[in-house]
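Working notes, beginning with the structure itself.
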Amino acid sequence: MDQEDNKASYIQEIRKKYPKAGTKWEKEEDELLQKRYKEKRNSGFGDFELFAQELAQEFSRAPGGIKARLAMHFTDVPGWDYERQERIS
């Protein structure tokens with residue numbers, strides 16, 4: 001099995017739990033994600049990992065995908081490695 005097959009297999013497995021994992025974000029969906037983040041940030045995150053899990057369920061996307069999408073829009077996502085993001089961009 002090559003790397004491409006492994007990636008396809010991995011995505012297939014993830015989509016069993018998160019059907020929209022790896023798919024294109026719709027504009028409305030993206031705007032709602034940003035709104036939810038701003039609201040939570042303004043009221044205090046509490047447990048950010050739990051919040052990310054809740055968003056993952058709401059948007060049918062993997063928690064890592066949620067965090068990555070948030071990091072595209074915000075510079076203060078808890079636990080996000082912005083330096084790593086710069087190195088691989």
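Between Arg61 and Thr23, some side-chain heavy-atom pair lies under the 4.5 Å cut-off. Inter-residue side-chain proximity for Phe59 and Arg69 is flagged as unmet; no heavy-atom pair is nearer than 4.5 Å. The side-chain heavy atoms of Trp80 and Leu70, taken from C-beta on, include no pair separated by under 4.5 Å. Side-chain atoms of Asp76 and Tyr37, non-hydrogen and from C-beta on, do get closer than 4.5 Å to each other. With contacts defined as side-chain heavy-atom distances shorter than 4.5 Å, the pair Glu58/Leu32 qualifies. Under the 4.5 Å side-chain criterion, counting only non-hydrogen atoms from C-beta, Lys67 is in contact with Glu49.
A salt bridge links Lys35 with Glu39: the distance from a Lys NZ or Arg NE/NH1/NH2 to an Asp or Glu carboxylate oxygen falls below 4.0 Å. The existence of a salt bridge linking Lys20 and Glu29 is confirmed by a sub-4.0 Å separation between a basic side-chain nitrogen and an acidic carboxylate oxygen.
Phe45 and Ile66 fall within a single hydrophobic cluster, where Ile, Leu, Val, Met, Phe, Trp and Tyr side chains are chained together by heavy-atom contacts under 4.5 Å. Trp25 and Leu55 fall within a single hydrophobic cluster, where Ile, Leu, Val, Met, Phe, Trp and Tyr are joined by side-chain heavy atoms under 4.5 Å apart, directly or via other members.
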From CA spacing to verdict: side chain to side chain contact (heavy atoms under 4.5 Å, CB included), Gln57, Lys17: CA-CA 9 Å; Gln57 293 302 314; Lys17 187 170 183 180; 4.1 Å; yes
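Here Lys38 contributes atom NZ and Phe74 contributes atom CZ; the two are 5.0 Å apart, rounded to the nearest 0.5 Å. The CG atom of Leu33 sits 6.5 Å away from atom CG of Asp30, with the distance rounded to the nearest 0.5 Å.
When every heavy atom of Ala21 is checked against every heavy atom of Ala62, the shortest pair comes out as CB-N, 4.3 Å.
With sequence neighbours excluded, no residue forms a side chain to side chain donor-acceptor pair (under 3.5 Å) with Arg15.
With hydrogens and angles ignored, the 3.5 Å screen pairs a side-chain donor or acceptor of Tyr82 with a backbone N or O of Val77.
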